[in-house]
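Proteins come first, then strands; the chains are lettered A, B, ... in the order of their sequence lines, and each starts at number 1.
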Amino acid sequence: MNYKELADLIFPDAKEISYYEEKYPRRNLKEGAEVLRVAPSPTGNVHIGTIYQALIATKLTKQTGGVFFLRIEDTDQKREIEGGITQIINALKEFDLEPDEGMINELESKGEYGPYRQSLRKDIYQAYAKYMIEQGKAYPCFATPEELEEIRAKQEAAKVRTGYYGVWAKYRNLSLEEMAEKIKAGVPYIIRFKSNGREDRKIKHKDIIKGNVDFPENDQDVVIIKSDGLPTYHFAHVVDDHLMGTTIVTRGDEWLSSVPLHLQLFQEIGFKAPRYAHTPTLLKNDNGNKRKISKRKDPEAAASYYKEQGIPSLAVKEYLMNIANSSFENWRRQNKEVSIDDFDFQLNKMSVSGALFDMVKLNDVSKIVISRYTAQEVYDESMKWAQKYDNELVEMLSNKEYSLKVLGIERGNVKPRKDIAKWSDVKENIIYMYDEKFMNEKIDYPYQTINEKEEINKILDLYIKKYYNENDDKQIWFDKIKELSGELGYAKEVKEFKANPEMYKAHVGDVSTVLRVALTGRTNTPDMYEIMQVLGKDSVIKRLKKAKNC
RNA sequence: GGCCCCUUGGUCAAGCGGUUAAGACAUCGCCCUUUCACGGCGGAGACAUGGGUUCGAUUCCCGUAGGGGUCACCA
């Protein structure tokens, strides 16, 4: 019995690896072009970290003329959920991060290096596992879960490292005949890597983000093919990223500690290893402690959360880009109108430590992003959001022509309004502009300085009868409010009032506030002149009268 | 516990042996001839800690503390 015969016994039908090496030739890309991928598992809610990785990958591949592909890592069938792949694809689409290659639905893919779904690549992994066995670099292991548990218990008692390595690897040194015999007898087994590493030797790794990191060599005989015939992550990573021509592996830094294993695997199987970039984890503040954003506990971990909240995906992307390269912020301020694609992203400028995901800052980014939208865009996006989450808003917006005017207030000028951070803010921001809402509601008018009913009515009356004219331009309109103020004993200028407070009842600002509150039911609104223009004469009069009669 | 990573204001962060230690968000004050949202100006606020190395350390080295990750037939 030799290695070849053992390999044939275990994988009788597996092809030679030369078949796959020819089928998936090295990519022919121009110098400097990078190939990156995002490789999520279809386990449910898409994690915001996946979006983060995809953002980085698209930036880098677009900048270098490379390829960005999506690979589905579904080798753990227990954790898989139905429709998981579709969710991932849709999430990437939502954020406008569509891959050049990869799965396009649950079963099909585009690109020459597929399948891009690991469970569909079983024969490929087995061919390479067979090759490893032929080389004497992998072997069948017959340890049962109980045996493994026993080994662990002994190791813990002896206070040594746990794991399947060295003298603890009890099936590693079985003779080939013994192995064959057990297999023929039907004893269950899995395939393990036969590590030649030594824990007392160091390997050096240069990570694009983390820099130089030294580790002890890997000496664990890790499982490469599980009992269901599918590979573990480690083996799939090595085979796939080799075959698919990945040049830079970006992944969360929870993977950093398996770099020694992966490098060793690449070397032993005879592939050139990719470069690695381990990205810092997105953290959140949990009662004063930082911790990883968790899919289970934190709603904001789900990529879908932002859509539900009505935060534009572009805002999320800009925020993430901010975390990735802090110079983005400065660049953005100087390049307000151009696409995020034009920003020159640098992997090696990423921070090495994890960043707290800051919703407040996201909010700010989002306000700026939305402030650049036209009224039409705000309308379309709000409507799209409302149709899913807020019927009342749909109802309001269905008066399109009017809504466009409302949303257009103080928009599109040099200093656009920045009061909407998410589409769910829209309703509250504009609801008072709709007569069918405003006129039928009981309004608590929050008058400020001037708050006696009689005085208020005097102002409103005089304004309606003598001063209000819907055709006035802004200057005249305001001059009239000043005159009205003067007529009733209020200072026409605030400064004037401050200089001689005893001479006046109050000032023009206070009078304006009365009008504002009467008109809108609130003290804080956008520019009152524009509001009155949008409302139109009938509505203005109606509203002032309603306030009077309250 | 072993191994590995990290540590600049409340948060994100520039910095890469000599700086008045940038900037953004948040916060506070003032201004922007009516509020708000903007915008402008300004304030408060930081190099975890102890040793080295050096003429000089936020920056380099070592220790300590704190935080994080990882040690599966999960990824």
Separation between the C1' atoms of B:rG9 and B:rG45, rounded to whole Å: 5 Å

Within the pair [X] and [N], is there a side-chain N or O less than 4.0 Å away from OP1 or OP2?
X	N	answer
A:Lys292	B:rC5	no
A:Arg192	B:rC73	yes
A:Lys349	B:rA13	no
A:Lys202	B:rC4	yes
A:Ser351	B:rA13	yes
A:Thr75	B:rA75	yes
A:Lys495	B:rC32	yes
A:Lys482	B:rU33	no
A:Arg152	B:rA72	yes
A:Lys418	B:rG39	yes

Passing candidate, side-chain hydrogen bond (donor to acceptor under 3.5 Å, both in side chains) with A:Arg152, options A:Glu156, A:Glu150, A:Gln155: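 The passing option is A:Glu156.
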
Could you check whether A:Phe215 gets within reach of a base, just the sugar-phosphate, or nothing at all, counting any heavy atom under 4.0 Å? sugar-phosphate

